[in-house]
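Worksheet: one structure, shown below.
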Amino acid sequence: MSQQVEVRLFGAFRQYSRDAAIAVTLPESATVTNLREAFADALEDDNARALLKASAFATDEAVLDEDDSVPEHGRISILPPVCGG
Amino acid sequence: MSQQVEVRLFGAFRQYSRDAAIAVTLPESATVTNLREAFADALEDDNARALLKASAFATDEAVLDEDDSVPEHGRISILPPVCGG
Amino acid sequence: MSTHVKTTDQPLSAEAALEFCSAPGHGAADLFIGRVRDLNQGREVEGVSYDLHSVLCERVFAEICAEAREEWGEPLHIWLEHRHGRLGVGEASVIAAVSSPHRDESFRACRYLIEQMKHRAPIWKQEHYVDGDSEWVQGHALCQHG
Amino acid sequence: MSTHVKTTDQPLSAEAALEFCSAPGHGAADLFIGRVRDLNQGREVEGVSYDLHSVLCERVFAEICAEAREEWGEPLHIWLEHRHGRLGVGEASVIAAVSSPHRDESFRACRYLIEQMKHRAPIWKQEHYVDGDSEWVQGHALCQHG
């Protein structure tokens, strides 16, 4: 079984897709590390891959650790380095 | 030659005169120390005299030192301990 | 005690923040406004587009406010709003405000809100320069927090 | 850079302070409001009468603002107003505000204005209690300064 995860894009990632989202396919019970690899493969731009290294995945509830499982339901976002205010 | 100095009252001193001022007579070239003594004599209330000990004389330009001369012109005020804000 | 956090694409109101941050027992209120500057690192800025993850952002704001309350006292009234969308020079991007019985708590808590918001809230800005160029401003990497 | 100091018997305006404390190059503004509290040292307060030496007060305000500018930078916009007369609970007695290119200066300078004002400005307050009594609040003795 595999699952499709739609990763919402924010900040500098927005320029890499018109939909503000990129879909990736993951095995069931994938971790955030798996998600990060699949997402990197889906990116076509070296700058985007560099940005990914400094970015965090998050649900609508919290920023995820690399060891966390990717939740089966709920929205996933990729958050580049932040600079509010 | 003597001079008459009108001392303007502020804060807790206001209760000691309806005019918001007390006039004292000083010798010419009096210092602030002389003024303080004359002003103490003019006060009829022990609480007022106690308050005077913690209070400063001032012109409209600056707080005066005890050694300063009392300026011949210009307004003199007695400033009790402050608590703005 | 009450807390107000929000992200919005509408202009921010300092007046609303100060009205919220008041109470008969509160002798002090401190309010901070962040505004769009016309210059950043030597480049002339015409405007800034703010992007944010609204749900997560408000969650982080609420956490930060709870921490401030924990540190500086239950009675605080706390306000934290951040705007998104495109803003011109001089427009307010963020308003933080705190009221408290005495002034030390208001100053410290308000400062805390801003500093933590800058480091932890999922907000990004894209500067638009007078020369026509645009750039996403580099920020702080987010770590898991709390 | 500009400085505004005033004492007045009219209500204070935070809006005016924030409008004054703004500039295209200023990314930050901090504003402090002091308000009349309903309780002081366990006594229920109905209102406070503020008395001040207006000429000397504005002179001291100007000195304090000049010191803040010296310490935190020429470009600061600085606002310091204190009200006098009788105020009810919740009314603003003092507003200090500062804007600056970056936030640290605004926070520090605004705090400095308030702390110095409390210690050096010739201002006195008489609290009016719910029980009908009134009392002049004890303060800090003034020394010659500057």
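The distance between the ring centers of D:F32 and C:F107 falls below 6.0 angstrom.
With chain C as the partner, the residue from D:G90, D:S106, D:A14, D:P101 showing the most heavy-atom pairs under 4.5 Å is D:P101.
Residues D:H26 and C:R37 share a closest heavy-atom pair of C-CG, 3.6 Å.
Atom CD of C:E74 has more than 12 heavy atoms from other residues, nucleotides or ligands within 6.0 Å. Around the CZ atom of D:R108, the shell of radius 6.0 Å holds no more than 12 heavy atoms that belong to other residues, nucleotides or ligands.
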Applying side-chain contact (heavy atoms from CB on, under 4.5 Å), run through C:R111 and D:D104 and close with a yes or a no.
-> CA-CA 9 Å; C:R111 180 87 199 239; D:D104 191 53; 2.9 Å; yes
So D:L18 and C:R35, side-chain contact (heavy atoms from CB on, under 4.5 Å) or not? Walk me through it.
-> CA-CA 11 Å; D:L18 287 171; C:R35 296 189 180 113; 4.1 Å; yes
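For chain D, the nearby part of C:C21 is the backbone; its heavy atoms alone come within less than 4.5 Å. Of the atoms belonging to C:V89, it is side-chain heavy atoms, and not backbone ones, that fall under 4.5 Å from chain D.
Taking 4.5 Å as the limit, every side-chain heavy atom of D:I33 sits out of range of all side-chain heavy atoms of C:L31. At least one side-chain heavy atom of D:E15 sits less than 4.5 Å from a side-chain heavy atom of C:E15.
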